[in-house]
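Following: one structure in structure tokens, then a few remarks.
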Amino acid sequence: MSEPKNFESPKPEPVRYNFSQIEKKWQEFWDENKTFRAMEDPKFPKDKRYYVLDMFPYPSGAGLHVGHPEGYTATDILARYKRMKGFNVLHPMGWDAFGLPAEQYAVKTGVHPAITTKDNIDNFRRQLKMLGFSYDWDREVDTTNPKYFKWTQWIFLQLHKKGLAYIAEVPVNWCPELGTVLANEEVPEQVEKGFTVIRKPMRQWMLKITAYADRLLEDLNILDWPESIKEMQRNWIGKSEGAEIFFSLKNSDEKIKVFTTRPDTIFGATYLVLAPEHLLADRITTDKQKPVVEKYRRETSLKSDMERTELAKEKSGVWTGACAINPASGEEIPIWIADYVLVSYGTGAIMAVPAHDTRDFEFARKFDLEIRVVIQPEGEAPLDSKTMTEAHSHIGVMVNSKNFNGIKSNEEKGFKNPAILAVVESLEKQGVASRTIHYKLRDWLFSRQRYWGEPFPLIHRQDGTIETVDEKYLPLTLPTVESYKPAGTGESPLASIAEWVNTADQSGKPALRETNTMPQWAGSCWYYLRYCDPHNDAVFCDPKKESYWMPVDMYVGGGEHAVLHLLYARFWHKVLFDLKLVNTPEPFMKLVNQGIILGEDSQKMSKSRGNVVNPDQIIEKYGADSIRLYEMFMGPLTQTKPWNTNGVEGVYRFLQRVWRLYTDEQGNLSGKIQDVDPSIELMRVLHKTIRKITDDIESLSFNTAISQMMIFVNELTPIEIRPRKIVEPFILLLAPFAPHLAEEIWAILGHTKSLAYQAFPEYDTALTVDDEVTIVLQVNGKLRDKLQLKKGTDKSITEQMAKEKVASWIQGKEILKVVFVPDKLVNIVVKG
RNA sequence: GCUCGGAUGGCGGAACUGGUAGACGCACAGGACUUAAAAUCCUGCGGGCCGAAUAAGCCCGUGCCGGUUCGAUUCCGGCUCCGAGCACCA
């Protein structure tokens, strides 16, 4: 570490410290000295390496908002703290820079998205550097850089080789305004923005994420993630164990396959329902019913998904005229068509058990279908299907179920439930059912009709087959185009660039390039790996470097990526793991979602509300250390909390008091700081502070760490002789939070090296407790008095003193009991 | 409807494994310094009994109702409200 260039500290005005000068000085120092460069130093054992990662931003034209520094400051505090604790820290930053806004701007202005993107990145980098984050900027990545997306394309080829990428004609979410299709995961967000999304069959690239459904579900158990996020992923994957059961038709050889998670209720299946789009719906309908069925199917096909769910309150449907045979009871049951059954889930057909399913119950009531109770709750009056007002849950004993009667159906789902197991085994023996596991998770729709994305390294041969571009020709870069506008026909703007599209296959025959591009999520699926080895042109990430740093120890970002990026990245990572290209089964061991910062009016910040706080302005007025400290002081990291500029003023005042604690009016070391032995009281103040701050950083309770620093400064300010042994370590405690001010004061204290790698102070447990304690005196549990005693005073003495102190409360009353908690309290329980 | 969070002064929030509720900060009020202001410093600041004021004391108080306990912001049962997510998933 070399010395800071300008070692003379800037002369601030009396009283106030010159934050802008100090912050600039140290930012330049860190930059020039590459203070935070991370190296794969073998001296650090695995448990002394720490990879702390932020979700990299999309560099929008608007620049940083105050939400960004929240998570970034939290990780920066951790990074700086861990370095001081002797860890080798990897703390990188980069840009998730492909995406629609730059492209839409290009459509409007004709400016190439690469130019807009570069400007935006420069602005983001400038802003982040102004906040003094200790990133290793040599590891910066940019997903739109061909050197980066070369490897995104390469990983896609590995997926393709493994058979995990395929092209299919599927009903997709087509958005006419955006001129592109969207992933299921993206739909809610765009609909919220006011775009329409319709279902339309198109030929699209898909990634077989469903092949990993079980592992993505299972491995959630080993992750230290917020329970809510894990639950969202579990629900999104939506695993359900059950059976596919075949119902034969009365007058036909056709069979209808239904999926159910409750085969134990099969004797109560009094009708079947097919989704309107079900392939058999047309074929089984009787001539007589044909007109009504066709009308119904036409009507539902015109409804959007939204309309179908909004109208969910009122069930609708029509009878096909056909009947099926219940394979368990042998009874004839009608087959209906209704849009409350979805074609996209299970087999698109259900056996309806109205007595034990609310939806089936509503439907049966409306169309006067038979309701038959087959599970009787134990210890209750027998259920009467005629008078039932709602469907009953299925926990109880099987009834009306022939030889299954009496078997218990408990709260267990799947085959652990004895009733389900018994019925399935029996149906399997008859050859009319098989155990099945269904997932809600669909394969990932991976192509977009956009310009500003990674081109697929694929070629369509004349014969309709597909050939992959040889790895040695990667990256396959984007051509320049005249217009960035989507063709609107479902083709990307690339389709109109003849010289790019027209190419030759390996045999030299004319062929066409794939013109779709990858979705924005592609680049973020593996960026955390590239940080481990960002400049490698030979491999996407050297396995040695990967195993040096991975997995990510701490990942901080917004909760909005719960089922998007966080699921996609886990999927890619598992594929790479199977290819033995990475060594860890999961990429992010610990995840923390920072809370949203609301405007001063406690509403979500938005331009239209006019409540957006611009970090540049806050930095200009109060400095980076103030905004860092304020955002951490607002409240718990994970909590949603409103911005309050007065609060910034508060921490700014605190930093001024810190400055005045160490300096005189000329900005030199204060004469009050002296090399004298501190009193035991001051030692206790210091060690309590070290302990509180250490514990709080470890548990990410930055708000209470800061309040402890304030307490420390409040205690030391009135003291005229400030022992160096007390005040010097405090600067190291402050350093992760307010690094510029801390570096400056550290230098003023006479140090010639940056404090970035100074050992974080350790505390002596004996010095974190007082030798005098306050004993709380209660009578009947109510606080009546207090007692100052030496720590460890024994029971009889304490109780004796307590009784004297609260004599007026216990006089003349019978003492029933005395509760004594050493060094804490005495509670005297009296009668009356 | 289901799942997951949450509810503490005027405000943001603190409170270890059940043991002094309101740390720290903001706002506000009063005072010192100043010709004045800013900055800074000092004092007060949950509600009530409570008044011109002082000191002390007592009562109530952590969304609501109930329980366990010597003692509950903390544990248990029931409810209300707010936020987030999912939503006809068979």
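Values below: all heavy atoms of this structure, side chains included; hydrogens, waters and symmetry mates excluded. Residue numbers start from 1 in every chain, and the chains themselves are labelled A, B, ... in the order their sequence lines are given, proteins ahead of strands.
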Once you round it to whole Å, what is the distance between [atom2] of [N] and [atom1] of [X]?
{"X": "Gln656(A)", "N": "C41(B)", "atom1": "CD", "atom2": "C1'", "result": "15 Å"}
{"X": "Lys786(A)", "N": "G19(B)", "atom1": "NZ", "atom2": "P", "result": "16 Å"}
{"X": "Leu661(A)", "N": "C41(B)", "atom1": "CG", "atom2": "C1'", "result": "15 Å"}
{"X": "Leu629(A)", "N": "C26(B)", "atom1": "CG", "atom2": "P", "result": "12 Å"}
{"X": "Phe737(A)", "N": "C24(B)", "atom1": "CZ", "atom2": "P", "result": "18 Å"}
{"X": "Tyr271(A)", "N": "A90(B)", "atom1": "OH", "atom2": "P", "result": "16 Å"}
{"X": "Leu789(A)", "N": "G19(B)", "atom1": "CG", "atom2": "P", "result": "20 Å"}
{"X": "Trp236(A)", "N": "G85(B)", "atom1": "CH2", "atom2": "P", "result": "13 Å"}

How is [X] classified with respect to the nucleic acid when contacts are heavy atoms under 4.0 Å: base, sugar-phosphate, or nothing?
{"X": "Ser240(A)", "result": "sugar-phosphate"}
{"X": "Asn714(A)", "result": "sugar-phosphate"}
{"X": "Gly238(A)", "result": "nothing"}
{"X": "Asn235(A)", "result": "nothing"}
{"X": "Arg234(A)", "result": "nothing"}

What does the list of N/O pairs under 3.5 Å between the protein and nucleotides 4-12 of chain B look like, with a distance for each?
{"from": "G12(B)", "atom 1": "O2'", "to": "Met634(A)", "atom 2": "O", "distance (Å)": "2.6"}

Check every atom of [options] against the side chain of [X] and return the nucleotide holding the closest atom.
{"X": "Tyr340(A)", "options": "C41(B), C88(B), A90(B)", "result": "C88(B)"}
{"X": "Leu342(A)", "options": "C58(B), A90(B), G85(B)", "result": "A90(B)"}
{"X": "Asp339(A)", "options": "C88(B), G13(B), C24(B)", "result": "C88(B)"}
{"X": "Pro636(A)", "options": "U20(B), A14(B), U40(B)", "result": "A14(B)"}
{"X": "Met710(A)", "options": "G25(B), A27(B), A90(B)", "result": "G25(B)"}
{"X": "Leu783(A)", "options": "C41(B), U20(B), C26(B)", "result": "U20(B)"}
{"X": "Trp809(A)", "options": "U20(B), A90(B), C58(B)", "result": "C58(B)"}
{"X": "Arg653(A)", "options": "U40(B), U20(B), C88(B)", "result": "U40(B)"}

Separation of the [atom1] atoms in [N] and [M], to the nearest angstrom:
{"N": "U40(B)", "M": "G47(B)", "atom1": "C1'", "value": "33 Å"}
{"N": "C79(B)", "M": "U20(B)", "atom1": "C1'", "value": "31 Å"}
{"N": "A15(B)", "M": "G63(B)", "atom1": "P", "value": "16 Å"}
{"N": "A23(B)", "M": "G13(B)", "atom1": "P", "value": "15 Å"}
{"N": "U62(B)", "M": "U54(B)", "atom1": "C1'", "value": "31 Å"}
{"N": "U69(B)", "M": "G77(B)", "atom1": "C1'", "value": "16 Å"}
{"N": "G10(B)", "M": "A90(B)", "atom1": "P", "value": "47 Å"}
{"N": "A56(B)", "M": "A37(B)", "atom1": "P", "value": "33 Å"}

Contact list (N/O, under 3.5 angstrom) for nucleotides 68-78 of chain B vs protein:
{"from": "C70(B)", "atom 1": "OP1", "to": "Lys817(A)", "atom 2": "NZ", "distance (Å)": "3.3"}
{"from": "C70(B)", "atom 1": "O2'", "to": "Asn827(A)", "atom 2": "ND2", "distance (Å)": "3.3"}
{"from": "C70(B)", "atom 1": "O2", "to": "Asn827(A)", "atom 2": "ND2", "distance (Å)": "2.3"}

> Thr261(A) and Glu241(A): side-chain donor and acceptor closer than 3.5 Å?
Replying inline: no

> Does the side chain of Ser409(A) pick up a donor-acceptor pair with the side chain of Asp264(A) at under 3.5 Å?
Replying inline: yes

> If only side-chain N and O atoms of Asn703(A) are considered, is one of them under 4.0 Å from the OP1 or OP2 phosphate oxygen of A14(B)?
Replying inline: yes

>> Whether Arg784(A) contacts C59(B) is assessed here as follows: a side-chain N or O lying under 4.0 Å from the phosphate OP1 or OP2. Is that the case?
In response: yes

> Which residue lies toward the 5' end of RNA chain B, Thr774(A) or Gly346(A), if each is placed at its nearest nucleotide?
Replying inline: Thr774(A)

> Starting at the 5' end of RNA chain B and moving along, which residue's nearest nucleotide shows up first, Val651(A) or Ala349(A)?
Replying inline: Val651(A)

> What pairs meet the salt bridge (charged side-chain N to carboxylate O under 4.0 Å, His left out) rule with one or both residues in residues 637-656 of chain A, with sequence neighbours excluded?
Replying inline: Glu70(A)-Lys641(A)

Who pairs with [X] by salt bridge (Lys or Arg N to Asp or Glu O under 4.0 Å), at least two apart in sequence or on another chain?
{"X": "Asp601(A)", "result": "none"}
{"X": "Lys413(A)", "result": "none"}
{"X": "Arg234(A)", "result": "Glu227(A), Glu231(A)"}

>> Could you tell me if Lys315(A) sits above the aromatic ring of Tyr340(A), with its cationic atom closer than 6.0 Å to the ring centre and no more than 45 degrees from the axis?
In response: yes

>> Suppose we call two aromatic rings close when their centres sit under 6.0 Å apart. Are Phe363(A) and Tyr271(A) close by that rule?
In response: yes

> Reading RNA chain B 5' to 3', what string of ( ), [ ], | and . shows its pairs, if Watson-Crick and G-U wobble pairs count only when both distances fall under 3.5 Å?
Replying inline: (((((((..(((......[....))).(((((.......))))).((((.......))))..(((((..]....))))))))))))....

Which residues share a side-chain contact (heavy atoms from CB on, under 4.5 Å) with [X], sequence neighbours left out:
{"X": "Lys366(A)", "answer": "Glu314(A)"}
{"X": "Val713(A)", "answer": "Phe654(A), Arg657(A), Val658(A), Leu661(A), Thr717(A), Phe730(A)"}
{"X": "Phe19(A)", "answer": "Tyr17(A), Glu23(A), Tyr652(A)"}

>> With syn defined as a glycosidic angle within 90° of 0 and anti as the rest, where does G9(B) land?
In response: syn

> Who pairs with Ser240(A) by side chain to side chain donor-acceptor pair (under 3.5 Å), at least two apart in sequence or on another chain?
Replying inline: Tyr345(A)

> Do you know the tightest heavy-atom contact between Asn235(A) and Lys440(A)?
Replying inline: O-CE, 2.9 Å

> Ion pair present between Asp214(A) and Lys239(A), side-chain N to carboxylate O less than 4.0 angstrom?
Replying inline: yes

> What pairs meet the side chain to side chain donor-acceptor pair (under 3.5 Å) rule with one or both residues in residues 700-709 of chain A, with sequence neighbours excluded?
Replying inline: Thr689(A)-Gln708(A), Asp696(A)-Thr704(A), Ser699(A)-Ser701(A)

